[in-house]
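First comes the structure, then the notes that go with it.
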Amino acid sequence: MIDKVVEDIDAAIADIHDGATVMIGGFGRAGQPVDLIDALLRHGAGDLTIVSNNAGNGDVGLAALLQAGKVRKMICSFPRQNDSWVFDGLYRAGEIELELVPQGNLVERIRAAGAGIPAFYSPTGVGTLLYEGVETREFGGREYVLVEALHADFALIQGYRADRLGNVQYRKTARNFGPPMATAATTTIVQVDEVVPVGDLDAESIPTPGIFVDRVVPVGWREWTPDGRYVGGLVDVNGQPVETGIDPHEGHTKATDHKPSGTEGTR
Amino acid sequence: MIDKVVEDIDAAIADIHDGATVMIGGFGRAGQPVDLIDALLRHGAGDLTIVSNNAGNGDVGLAALLQAGKVRKMICSFPRQNDSWVFDGLYRAGEIELELVPQGNLVERIRAAGAGIPAFYSPTGVGTLLYEGVETREFGGREYVLVEALHADFALIQGYRADRLGNVQYRKTARNFGPPMATAATTTIVQVDEVVPVGDLDAESIPTPGIFVDRVVPVGWREWTPDGRYVGGLVDVNGQPVETGIDPHEGHTKATDHKPSGTEGTR
Amino acid sequence: MATRISRAELAARLAADIPDGAVVNLGIGAPTLVADHVPSDREIILHTENGMLRMGPAPDAAHVDPDLINAGKQAVTELPGASYFNQSESFGMMRGGHLDYCVLGGFEVSATGDLANWSTGEPGAIPAVGGAMDLALGAKQVFVMMDLFTKDGRPKLVAHCAYPLTARGSVSRVYTDHAVFEIAPEGVAVVDAFGDTTVAELEGLLGLPLIDRTTPTGG
Amino acid sequence: MATRISRAELAARLAADIPDGAVVNLGIGAPTLVADHVPSDREIILHTENGMLRMGPAPDAAHVDPDLINAGKQAVTELPGASYFNQSESFGMMRGGHLDYCVLGGFEVSATGDLANWSTGEPGAIPAVGGAMDLALGAKQVFVMMDLFTKDGRPKLVAHCAYPLTARGSVSRVYTDHAVFEIAPEGVAVVDAFGDTTVAELEGLLGLPLIDRTTPTGG
């Protein structure tokens with residue numbers, strides 16, 4: 001019987017080796033697989049190449065991995081954010097290598113790797129600093145740059161729900177890089193709020209079919225996921241911690257009242 | 001207010017001009033937009049280039065369009081089927097041009113056109129008759145052929161449900177070519193069983209977002225769609241007409257008892 | 001040439017040029033103001049490149065959902081008829097020319113529609129491009145919304161960009177605090193000059209030949 | 001060399017080589033028989049390239065659903081845990097190397113793993129390729145299931161294919177009515193010869209050097 005569920009998050013990432021290329025999903029904080037990243041930090045693998053849209057927020061998750069000196073190189077589109085002080089410091093100190101890729105080319109390189117396309121032509125970046133010296137070619141009178149696929153050894157992704165076959169659903173804009181990254185790594189590891197019995201996920205609505213997933217790690221519901229409404233009241237519209245003065249729990253079930261039920265996949 | 005719903009199917013396809021390139025969705029009979037094809041036949045546009053996986057079944061739909069002499073060229077992967085006698089006859093008589101493309105390259109060319117990728121490299125077809133004389137290139141020691149995007153003037157697609165914004169859902173394996181073709185045509189026209197009010201379709205489950213769709217034509221439920229179980233009893237596992245001896249309507253609601261309700265989009 | 005209009009007025013001026021039914025991507029910063037000024041009889045569909053169509057306005061503080069953000073990483077809401085999709089699909093929409101309008105900020109725009117808006121080229125800065133280069137090609141019409149002059153008075157609409165380019169020849173219109181410009185094959189045209197601003201004045205200040213396509217307003 | 005096993009026996013022999021949990025695409029024709037012979041303690045996931053994973057067996061006549069078919073355009077069913085996706089995604093799975101096994105029919109296989117199975121090259125025939133070329137590259141292991149000889153006795157495992165190629169060097173194993181062959185970098189190996197068939201006999205009939213990797217069975 002197929003059972004991709006791994007309850008022990010440390011075991012789930014234990015084969016990530018020094019020097020590995022690791023894709024990390026997420027756009028800003030949405031979809032960032034924070035529990036997997038924390039496990040990777042505990043695990044201790046270093047000399048990593050990280051492929052991720054951003055280069056960490058605050059002092060947690062990817063930022064903590066960077067702070068610990070585990071990352072040799074970042075491949076990303078937007079390392080500079082208002083809370084990316086860890087990356088900023090390393091970069092200015094010359095302690096980290098950066099490959100800057102326009103976001104659309106970055107995700108298309110990832111998608112291409114997963115789909116067996118070794119290279120493609122893109123209009124994005126033609127005539128810019130980022131593609132100086134890169135081969136170009138005309139199609140229909142317009143100029144395009146040649147862009148190569150981007151593979152990884154591991155992909156770490158945050159999903160919402162999954163089954164033991166590795167079928168994964170996402171939640172809202174946290175989907176972002178999950179589906180393409182899941183296809184582009186030799187080993188794909190997905191943390192989810194909940195593992196559900198096989199057959200519970202609508203077959204018409206599986207952005208990441210199990211064929212792309214090697215391990216599913218249930219980490220428990222996040223504060224807002226049981227009823228789709230954030231009940232932590234801890235971030236403002238910019239994702240920054242605030243005191244709102246509103247009791248966010250009023251009229252809501254507390255997250256801790258929900259425990260993911262025993263699942264078909266883990267029985 | 002956006003309202004892409006066109007009740008009159010003849011009006012919906014009236015701007016398809018002589019010489020147009022028209023993509024037609026479907027794999028075999030599943031997903032073939034038969035009502036739109038019938039309307040195109042009534043409309044009378046000729047000298048068409050048709051992009052479709054197959055070259056028609058029996059004497060209906062695409063086969064009828066071919067029979068009427070409206071098609072100059074077929075771009076497809078698998079014209080030869082056990083019921084493709086119309087195409088077979090035209091091809092043997094030298095009355096139709098054929099561009100044969102491996103199915104994966106065909107759909108990737110369509111997807112590329114929709115995604116602004118003018119060309120890509122593919123492993124499929126390297127060293128075969130179909131790619132004799134085509135440019136090849138090595139990546140990582142393996143040889144690939146250069147394949148160019150495939151655009152169309154129109155795409156005719158069969159969906160299951162849609163809203164007035166053009167969001168489309170499909171049903172089971174009838175999804176097939178619908179989503180990529182919807183992205184690759186200047187004008188995309190989708191026939192659906194039912195138009196539903198905006199907000200009724202799950203935002204997490206929209207294979208074709210409205211941005212890709214120009215017109216939605218409700219054609220009424222097919223025999224099997226109300227309860228997901230075929231109640232016609234008219235085809236066997238090979239899709240061929242049979243008498244099963246079973247009363248297929250027993251225990252089922254008759255299709256004609258359901259009428260798509262008045263929708264938000266068409267009020 | 002004292003006449004300048006405010007950011008809000010400019011957003012309203014730009015919003016007036018976006019027709020009913022358009023699919024629009026509003027870049028981070030000033031362009032997001034455009035959403036607040038869409039005439040109430042028009043239905044505009046907002047695209048956010050992190051994977052959503054039919055994005056709604058910011059939620060109140062009790063309804064912030066960390067899984068539902070825009071490209072600026074701010075909390076947003078979902079309108080009926082929304083759809084979610086992955087980044088590959090989202091950038092395919094842009095690169096494939098499916099968006100009707102894209103509104104971006106700019107450091108500089110050239111007379112031939114080159115855009116510079118991702119890097120000032122400063123040696124100390126952390127480079128970051130995000131979706132800027134994709135967005136700059138990502139719509140049938142690319143509108144830039146910016147002040148016409150820097151704080152120290154240098155024009156931002158120029159013969160050739162000095163800053164590193166985001167994209168070549170992609171801008172169709174430039175909305176500024178002094179005037180609205182169209183980048184046409186035959187040159188830069190003024191389609192709207194605010195208040196007492198004249199095309200001749202603009203030519204002098206910018207040092208660029210300008211075509212006068214302003215529509216005389218009554219009075 | 002009188003020993004030949006039946007199609008059903010061959011399907012069972014091949015099915016025995018597919019491990020629990022594998023994702024498998026079964027080509028049209030004889031390969032579909034493999035599904036009926038998967039040992040009951042193994043969970044195999046069937047992929048059909050028209051856009052589905054976890055395909056189930058044919059329905060009874062009253063439950064035929066025209067929207068639910070396999071690549072051979074026959075009615076099938078959906079097992080729990082199924083997923084539907086479009087053709088682009090489906091062929092990306094194959095081309096991207098995500099399938100574990102693909103089982104195909106063949107006209108000819110060469111000693112270096114070239115496959116010919118899409119065209120006999122006859123002048124009068126309607127050419128059709130479908131997903132054959134993608135499938136032939138579309139899995140970590142590509143198994144071909146075919147008779148070892150044509151009806152008029154010519155070998156179908158050959159030094160070089162005479163028919164137009166489907167793909168070069170992609171076949172890993174060949175399952176025939178007489179023996180199972182492995183296409184190895186060092187040459188063609190016999191891993192299983194049925195009944196009284198010997199490797200020496202096969203070498204003579206095929207005119208190919210063969211490596212003997214048969215496992216002696218007790219007795």
Side-chain angles (χ1 to χ4, degrees), chain A residues 31 102-105 107-126 135-151 159-161 167-176 178-180 183 201-209 225 228, chain B residues 31 102-105 107-126 135-151 159-161 167-176 178-180 183 201-209 225 228:
Chain A
Q103 195 171 336
N105 284 357
V107 72
E108 188 69 11
R109 292 176 65 187
I110 295 167
R111 187 260 174 201
I117 302 293
F120 59 92
Y121 290 91
S122 171
T124 302
V126 171
E135 182 178 334
T136 63
R137 182 162 176 162
E138 272 197 19
F139 294 92
R142 191 175 171 194
E143 198 178 353
Y144 297 86
V145 288
L146 178 67
V147 180
E148 293 199 27
L150 181 59
H151 291 267
Y160 178 35
R161 294 187 300 188
N167 292 308
V168 177
Q169 291 180 332
Y170 302 85
R171 192 166 171 274
K172 302 183 186 279
T173 57
R175 186 184 305 195
N176 58 62
T183 70
L201 303 177
D202 177 5
E204 299 281 5
S205 187
I206 311 283
T208 295
T225 45
Chain B
Q103 195 172 334
N105 285 357
V107 72
E108 188 70 12
R109 291 176 65 188
I110 295 168
R111 187 259 173 202
I117 303 293
F120 59 91
Y121 291 92
S122 171
T124 303
V126 172
E135 182 177 334
T136 65
R137 182 162 176 162
E138 272 197 19
F139 294 91
R142 192 177 172 192
E143 198 178 353
Y144 296 86
V145 289
L146 178 67
V147 180
E148 293 198 26
L150 181 59
H151 291 267
Y160 178 35
R161 293 188 299 188
N167 292 308
V168 178
Q169 291 180 333
Y170 301 86
R171 191 166 172 276
K172 302 184 186 279
T173 57
R175 185 184 304 195
N176 58 64
T183 71
L201 302 177
D202 177 5
E204 300 281 5
S205 188
I206 312 283
T208 295
T225 46

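All values below were derived from every heavy atom in this structure, side-chain atoms included, with hydrogens, water molecules and symmetry-related copies excluded.
- With a 4.5 angstrom heavy-atom cutoff, Y121(B) touches chain A via backbone and side-chain atoms both.
- Within the 4.5 angstrom heavy-atom criterion, no atom of I206(A) approaches chain B.
- Listed by first then second residue, pairs satisfying salt bridge (Lys or Arg N to Asp or Glu O under 4.0 Å) with a partner in residues 116-125 of chain B number zero, not counting sequence neighbours.
- Counting only N and O atoms by type, the side chains of E143(B) and T136(B) include a donor and acceptor under 3.5 Å apart.
- Salt-bridge check for R137(B) with E135(A): passed, with a basic side-chain N closer than 4.0 Å to an acidic carboxylate O.
- Interface remark: Q169(B) contributes no atoms to any contact with chain A (heavy atom separation under 4.5 Å).
- Between chain B and the residues E108(A), E148(A), R142(A), the largest count of heavy-atom pairs under 4.5 Å involves E108(A).
- Across A115(B), A119(B), A112(B), the residue that shares the most heavy-atom pairs under 4.5 angstrom with chain A is A119(B).
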>> What verdict does the side-chain contact (heavy atoms from CB on, under 4.5 Å) test give for F120(B) and R109(B), after you've listed the backbone C-alpha separation in whole Å, the side-chain angles of each residue and the deciding distance to 0.1 Å?
In response: CA-CA 8 Å; F120(B) 59 91; R109(B) 291 176 65 188; 4.2 Å; yes
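- Ion pairing of R175(B) with E204(A) is present here, as a side-chain N (NZ or NE/NH1/NH2) and a carboxylate O approach within less than 4.0 Å.
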